[in-house]
Amino acid sequence: MTMTEQPAQSAREDTACCARHDSHRSEPGDEAPETPRERVNRRWNEILQETRVTQTGVQILFGFLLSVAFTPLFRELETLDRAIYVTTVVLGAAATGSLIAPVSLHRFLSGQRMKDELVETACRLMMCGMVLLALTIGCTLLLILRFVVPGVLAEVLVGAVMLWFGLCWYALPLLLRRRAARRSRTDDA
């Protein structure tokens with residue numbers, strides 16, 4: 001057992017934010033069930049992989065947003081567009097903080113035998129960061145499309161993209177989770 005691990009508490013994990021997807025039932029031909037330690041280590045590794053993907057995206061987007069203020073066209077923005085820009089930069093900074101926080105948590109808590117808590121908190125921060133990232137992308141699109149597309153079309157396009165994000169990032173995973181829970185209940189019956 002590494003220094004950041006502690007024995008997993010399966011009752012608490014079954015109700016935890018990110019553990020819900022781990023409570024699937026073994027089927028014939030499936031791999032051997034995981035021990036609590038293996039599960040928490042796998043979940044931590046998954047969070048690290050997800051963090052790598054989202055951190056790169058949010059950092060590139062945030063860098064782009066920071067550079068916009070130094071372009072000649074920025075001075076021509078209307079008050080509303082400047083407000084959208086400020087909102088976008090603040091959302092981008094908040095998303096960056098939330099998506100990088102699991103690294104800081106790990107550094108500060110390493111050796112404290114708190115891996116279950118670390119994984120759960122990192123999961124919640126990643127979910128928060130994903131919401132903030134979606135809002136940052138939406139505001140960035142709004143800022144760009146208001147400059148490029150005439151009239152209300154910019155808002156309609158941004159609304160459609162945000163609806164797509166909502167479907168892909170939130171509705172679909174929740175639908176799949178609900179189906180798996182229903183299937184698990186019928187298999188148990």
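What you see is a predicted model, and the numbers here were worked out from it, not measured in a lab. Below, each value reflects all heavy atoms present in this structure, side chains not excepted, and no hydrogens, waters or symmetry copies.
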Query - Leu118 backbone acceptor or donor facing Thr121 side chain under 3.5 Å - result: no
Query raised in the report: If you round to the nearest 0.5 Å, how far is SG of Cys123 from CD of Glu46?
Result: 10.0 Å
Report summary line: Checking Leu142, Val148, Leu141 against Ile144 for side chain to side chain contact (heavy atoms under 4.5 Å, CB included), the one that qualifies is Val148
Tabulate below the donor-acceptor pairs under 3.5 Å that side-chain atoms of residues 152-172 make, not counting sequence neighbours, or state none.
from	atom 1	to	atom 2	distance (Å)
Glu155	OE2	Arg146	NH1	3.3
Tyr170	OH	Met130	O	3.4
Tyr170	OH	Val131	N	3.2

Query raised in the report: In chain order, what residues pass the side chain to side chain donor-acceptor pair (under 3.5 Å) check against Arg52, with sequence neighbours excluded?
Result: Gln49
Query raised in the report: Any link between Ile60 and Val90 through a network of hydrophobic side chains (Ile, Leu, Val, Met, Phe, Trp, Tyr) touching at under 4.5 Å?
Result: no
Requested in this report: Flag yes if more than 12 heavy atoms outside Phe108 fall under 6.0 Å of its CZ atom; otherwise flag no.
Outcome: no
Report task. Evaluate salt bridge (charged side-chain N to carboxylate O under 4.0 Å, His left out) for Glu38 paired with Arg42, printing each intermediate quantity in order. Result -> CA-CA 6 Å; Glu38 290 170 336; Arg42 176 186 52 78; over 6 Å; no
Requested in this report: Please round to the nearest 0.5 Å and tell me the distance separating atom CD of Glu34 and atom CZ of Arg43.
Outcome: 10.0 Å
Report summary line: Ile100 meets the side-chain contact (heavy atoms from CB on, under 4.5 Å) criterion, sequence neighbours left out, with Gln55, Gln59, Thr96
Query raised in the report: Taking atom CG of Leu73 and atom CZ of Phe147, what is their separation to the nearest 0.5 Å?
Result: 4.5 Å
Report task. Check Thr87 against Cys139 and note the closest heavy-atom contact, atom names and distance. Result -> CG2-SG, 4.3 Å
Query raised in the report: Do Phe64 and Leu66 sit in the same hydrophobic cluster, where Ile, Leu, Val, Met, Phe, Trp and Tyr count as joined when their side-chain heavy atoms come under 4.5 Å apart?
Result: yes
Query raised in the report: Between the side chain of Asn45 and the main-chain N/O of Asn41, is any donor-acceptor distance below 3.5 Å?
Result: yes
Query raised in the report: Are the side chain of Tyr85 and the backbone N or O of Leu65 linked by a donor-acceptor pair below 3.5 Å?
Result: yes
Query raised in the report: Can you tell which of Val53, Ile137, Leu133, Leu132 makes a side chain to side chain contact (heavy atoms under 4.5 Å, CB included) with Val58?
Result: Leu133
Report summary line: All heavy atoms of Thr136 vs all of Gly92, minimum pair found to be OG1-N, 3.2 Å
Query raised in the report: With no hydrogens and no angle check, is any side-chain donor or acceptor of Thr186 less than 3.5 Å from a backbone partner on Arg183?
Result: yes
Query raised in the report: What about Val119 and Leu48, same hydrophobic cluster or not, with Ile/Leu/Val/Met/Phe/Trp/Tyr joined at side-chain heavy-atom distances under 4.5 Å?
Result: yes
Report task. Hey, could you give me the CZ/CZ distance between Phe74 and Arg82, rounded to the nearest 0.5 Å? Result -> 5.0 Å
Report task. Determine the sole option in Thr88, Val68, Ile84 for which the side chain to side chain contact (heavy atoms under 4.5 Å, CB included) test with Thr140 is passed. Result -> Thr88
Report summary line: Output for pair (Ile47 CD1, Glu120 CD), nearest 0.5 Å, gives 8.0 Å
